[in-house]
Amino acid sequence: MKGPIIYTAVAAMTLQQALATMGGLTVPLLAPPIAAETGLNPSLVGLYTAFLYGGATISSLIGGGFLLRYGALRLSQVCLLVISLGLLLSLSSSLLLFVFGAIIIGLGLGPATPASSQILARYAKPANAPLMFSIKQTGVPLGGILAGSLLPLCVSSFGWQGAIFVTALMVIILTVLLQPLRAEFDSDRQQNREFQISDVRKTLSTVLKTPGVPLLAISLFSFTGIQMAFAAFFVSFLAIETGWSLSEAGVAFSISMAAGIFGRILWGWVSTRYIRPLTLLAALGAIMGVTCMIIGTITPAWDTHVVFAVAFAFGLTGIGYQGVLLAEIARISPAGLVGVVTGGVVFFACLGMMVLPGLLGLILELFSSYRVAFVSLGLIPILVSLTLLRSVLRAKNLRNEI
């Protein structure tokens with residue numbers, strides 16, 4: 001029975017991740033046409049992203065109790081509906097409604113990954129869990145591909161407001177399509193469980209006290225923050241700094257997302273068979289940081305295909321890491337608490353997605369230089385990769401002593 005169910009679970013949760021991600025990326029990717037029509041500064045993308053993941057930070061902590069009582073599938077549906085509401089609020093050109101829309105979209109984004117991880121953890125076998133989680137996490141770059149390729153087409157046909165509406169409609173349709181799966185995927189829900197304020201404290205406490213999880217939380221803070229800074233600013237960088245059209249920049253962005261899909265499957269397979277997850281994550285972090293620095297050096301004189309190659313390299317590492325990391329979190333989490341622990345770790349990921357894009361925007365505002373911004377942020381995952389490598393070497397020395 002587990003065989004067919006795991007495939008259904010992976011397919012459903014991949015789509016959930018894809019549409020949730022597309023919802024979060026929609027306004028940042030539409031920053032150039034929105035700015036052109038409303039007069040808003042494109043550098044406000046960093047502030048928008050900070051509000052968005054501020055909302056996600058809150059919901060990732062409080063979502064654990066909802067998940068246990070109502071089930072991971074129902075939580076997924078609620079997340080999608082909340083994201084669609086935030087998108088519809090963003091149809092106005094009001095800066096205040098953009099802010100409210102960002103916060104609400106973030107509230108929907110926060111529990112989406114823990115919910116999908118809870119479902120996969122029930123059905124995936126330990127031997128193939130990294131690959132299953134990696135395939136599921138391809139939904140994130142898949143959402144980026146949909147956003148990067150579909151949104152420019154919608155803008156040319158319906159304007160930026162029409163593009164936002166199309167995304168909201170897609171999210172609502174998926175919410176309805178998931179309903180037939182609820183009986184199976186939410187069969188483990190605790191219907192009599194009451195919500196408690198202490199759930200938030202317990203979630204963070206479990207994360208901090210479970211051996212190995214704090215290091216993974218720090219890694220996710222750094223890697224996901226860099227990934228989101230790239231997603232928030234790369235298209236605007238190419239369109240504003242190098243003179244690329246929105247469609248051309250969207251193609252480059254989609255290439256990085258496609259590389260992320262390939263990378264997530266590749267690294268999931270590699271970590272299952274050949275390289276320990278922490279060792280692999282250390283290598284990916286270092287390459288991610290170097291590639292981020294290279295992005296900052298792109299100029300209008302660069303050949304288009306070279307820029308595409310750099311985008312591919314970033315996607316392969318800076319987006320491809322996530323399935324390996326989440327599978328490792330699931331592996332070392334206490335039994336039955338994968339979704340809760342993942343929610344706690346996602347809290348740190350949301351902090352990264354709130355802080356690092358905001359930091360890039362601040363650097364850009366202070367120095368008016370994408371080069372300084374991208375090079376500065378590239379140092380962060382390199383430092384984290386060194387910490388991961390030190391942990392790997394320490395564990396190896398302990399095994400040798402034993």
Side-chain angles (χ1 to χ4, degrees), residues 5-27 29-30 52-53 55-56 58-60 62-91 97 100-123 135-147 149-151 154 158 161-189 191 339 342-343 346 350:
I5 291 180
I6 184 60
Y7 301 136
T8 302
V10 169
M13 293 301 98
T14 300
L15 287 174
Q16 181 253 55
Q17 297 268 252
L19 270 295
T21 300
M22 184 177 180
L25 290 174
T26 295
V27 172
L29 289 184
L30 294 177
L52 186 130
Y53 286 102
I58 297 170
S59 61
S60 63
I62 65 177
F66 190 101
L67 185 153
L68 292 174
R69 179 168 181 174
Y70 293 104
L73 197 281
R74 177 62 83 223
L75 181 58
S76 295
Q77 291 176 296
V78 171
C79 288
L80 291 171
L81 286 177
V82 171
I83 289 169
S84 67
L85 174 61
L87 286 168
L88 293 175
L89 281 176
S90 303
L91 289 174
L97 287 181
F100 280 131
I103 294 171
I104 291 175
I105 292 172
L107 290 174
L109 283 175
T113 296
S116 61
S117 291
Q118 178 78 7
I119 290 174
L120 257 64
R122 288 180 60 197
Y123 300 109
I135 293 173
K136 185 264 292 186
Q137 285 304 120
T138 61
V140 176
L142 177 60
I145 290 176
L146 287 173
S149 58
L150 183 61
L151 290 177
C154 290
F158 314 116
Q161 291 168 313
I164 291 176
F165 181 80
V166 168
T167 304
L169 184 61
M170 292 171 63
V171 172
I172 293 171
I173 290 173
L174 179 61
T175 305
V176 176
L177 293 178
L178 289 176
Q179 180 58 30
L181 303 176
R182 197 195 177 211
E184 170 61 35
F185 289 160
D186 285 352
S187 60
D188 63 339
R189 66 187 184 274
Q191 299 184 54
T342 303
V346 167
C350 291

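Without hydrogens or angle criteria, S84 side chain to L81 main chain gives a donor-acceptor distance under 3.5 Å. Judged purely by atom type and a 3.5 angstrom limit, Q161 uses its side chain to pair as donor or acceptor with the backbone of L91.
Distance check: K136 NZ to L142 CG gives 13.5 Å after rounding to the nearest 0.5 Å. Between atom CG of residue L181 and atom CG of residue L73 there is a gap of 5.5 Å, rounded to the nearest 0.5 Å. A distance of 9.5 Å separates CG of L109 from CG of L80, quoted to the nearest 0.5 Å. The OH atom of Y7 sits 9.0 Å away from the CD1 atom of I135 when rounded to the nearest 0.5 Å. To the nearest 0.5 Å, the span separating CG on L169 from CG on L174 amounts to 11.5 Å. Atom CG of L25 is separated from atom CG of L146 by 10.5 Å, given to the nearest 0.5 angstrom.
A 4.5 Å side-chain heavy-atom check between L150 and M22 finds at least one atom pair inside the cut-off.
Here the closest heavy-atom approach between residue A9 and residue I119 is recorded as CB-CG2, 3.8 Å. Minimum heavy-atom separation, L178 to A12: CD2-CB, 4.0 Å. G144 and T21 make their closest contact through N-CG2, 4.3 Å (heavy atoms, listed as atom of the first residue, atom of the second, distance). Of all the heavy atoms in I164 and T26, the pair that sits closest is CG1-CG2, 3.8 Å. Contact between S59 and G110 at its shortest, heavy atoms only, is OG-CA, 3.4 Å. Considering all non-hydrogen atoms of both residues, L75 and P111 come closest at CD2-CB, 3.7 Å.
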Is there a side chain to side chain contact (heavy atoms under 4.5 Å, CB included) between Y123 and V10 once you walk through the steps? CA-CA 10 Å; Y123 300 109; V10 169; over 6 Å; no

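In the model, S76 has a side-chain atom that pairs as donor or acceptor with a side-chain atom of Q16 under 3.5 Å. With hydrogens and angles left out, the side-chain atoms of R182 and Q179 include no donor and acceptor closer than 3.5 Å.
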